[in-house]
Q: 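Below: one structure in structure tokens.
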Amino acid sequence: MQQIIYTHTPATEIDALIARLKPNKVFLLTDETTHRLCKPRLDESPVLRQATSIVIGATDEHKTLDSLAHVWKTLGDGGATRHSLLICLGGGMITDLGGFAAATFKRGIAFVNVPTTLLAMVDAAVGGKTGINFNGLKNEIGAFREAEAVVIDTHFLRTLDVQNLRSGYAEMLKHALLSNAAMWSDHLATDLDSPDYDRLQRLVEQSVSVKQSIVAQDPTEKGLRKALNLAHTTAHALESLALLEGRTLLHGYAVAWGIVGELYLSCRQLGFPTERMRQTVQFVHETYGRFHFTCDHYEQLFAFMTHDKKNVDANINFTLLADVGDIRLDQHTTKSALFEMFDFMREGM
Ligand code: GLY
């Protein structure tokens, strides 16, 4: 299983990793925001102070071929060889793009992820999916390649804004739904407006171990890993609609609303317990509000779902649940059930 290190002294842990891996050169990839806000936490390490810095623009709009080319060029100009190490310090954009740069430079160099957002800690930085956006499509180009280690310091969360905290938490709620009733009810008892960081650290560790255990059984998403797509067929359609209309939408908010829709389908098609759906939907509405759309958007959302890259044939592919922890892969539905699901997301409960 991928090595995950929980620490409040990341520089010391990275020094120890460097001593073990013995790279001939070390490079540190950040974005403009994490360079300013998070890198000082690593400056205690003399090795990292001397590492060659590679800084790219922050946010998903920089998850491009141009940024990737800049990373490759800086590695090449800086004398990186196959025995060099790339440290990726940032959110999911940095760990995805940095991981892909490392996977492809000289056919692959080692990299270590140091996630600084909740979403990256519990999802993006763990499990070996790397990539960039291309041709208007998210994560269109990429590779499976696991980091040598993921160093998680939840102190980074203390400066994360509440919207990004909520965004990451939606993936944690998804992991809890995939796992068991005790973990699920524990997750519904969290107040993200005044977070208890020790409790959050405990939930992060649980969440990462759910993801790790699924990825260990199916690293390249031939079967079980599709469980992690719960809520994402709907979430990706909402994100595409938001993009089309120039609306800002954090990934985790789309996942939270995707959970509402796909639990409705789970209830309707697989008998997921109504009371558990009600409690989950209440938590989502209280924490995330609702995504605003009208029945005029239904055909467009349906069209986005029809073109989802997770589909294998003409059917829209869903991961659904017969109960908390009772996962059903490769589920299909009808257009009219989807329109009922959209009604439910707008007006239900
Ligand atoms: N984010 C889902 C996965 O890593 O498979």
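We number each residue from 1, following the sequence as shown. Start at 1 and go down the list; that is how both ligands and their atoms are numbered.
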Q: Judged by modelled atom types alone, do Tyr253 and Gln163 share a side-chain donor-acceptor pair under 3.5 Å?
A: no

Q: Quick one: side chain to side chain contact (heavy atoms under 4.5 Å, CB included) partners of Lys138, sequence neighbours excluded?
A: Asp60, Asn133, Glu239

Q: Return all side-chain donor-acceptor pairs below 3.5 angstrom for residues 319-327, not counting sequence neighbours, or 'none' if the list is empty.
A:
residue : atom : partner : partner atom : Å
Thr319  : OG1  : Lys226  : O            : 2.7
Asp323  : OD1  : Arg276  : NH1          : 2.9
Asp326  : OD1  : Arg328  : NE           : 3.2
Asp326  : OD1  : Arg328  : NH2          : 3.4
Asp326  : OD2  : Arg328  : NH2          : 3.3

Q: Can His8 and Thr154 be said to form a side-chain contact (heavy atoms from CB on, under 4.5 Å), step by step?
A: CA-CA 7 Å; His8 292 315; Thr154 51; 3.3 Å; yes

Q: Identify all pairs of nitrogen or oxygen atoms, one from ligand 1 and one from the protein, separated by less than 3.5 Å, and list them with distances.
A:
residue  : atom  : partner : partner atom : Å
ligand 1 : 1 (N) : Asp123  : OD1          : 3.0
ligand 1 : 1 (N) : Asp123  : OD2          : 3.2
ligand 1 : 4 (O) : Lys211  : NZ           : 2.6
ligand 1 : 4 (O) : Arg225  : NH2          : 2.7
ligand 1 : 5 (O) : Lys129  : NZ           : 2.9
ligand 1 : 5 (O) : Arg225  : NE           : 2.8
ligand 1 : 5 (O) : Arg225  : NH2          : 3.3

Q: Can you name the nearest heavy-atom pair linking Val204 to Tyr6, along with the distance?
A: O-OH, 4.2 Å

Q: Under the rule for side chain to side chain contact (heavy atoms under 4.5 Å, CB included), what residues qualify as partners of Thr248, not counting sequence neighbours?
A: none

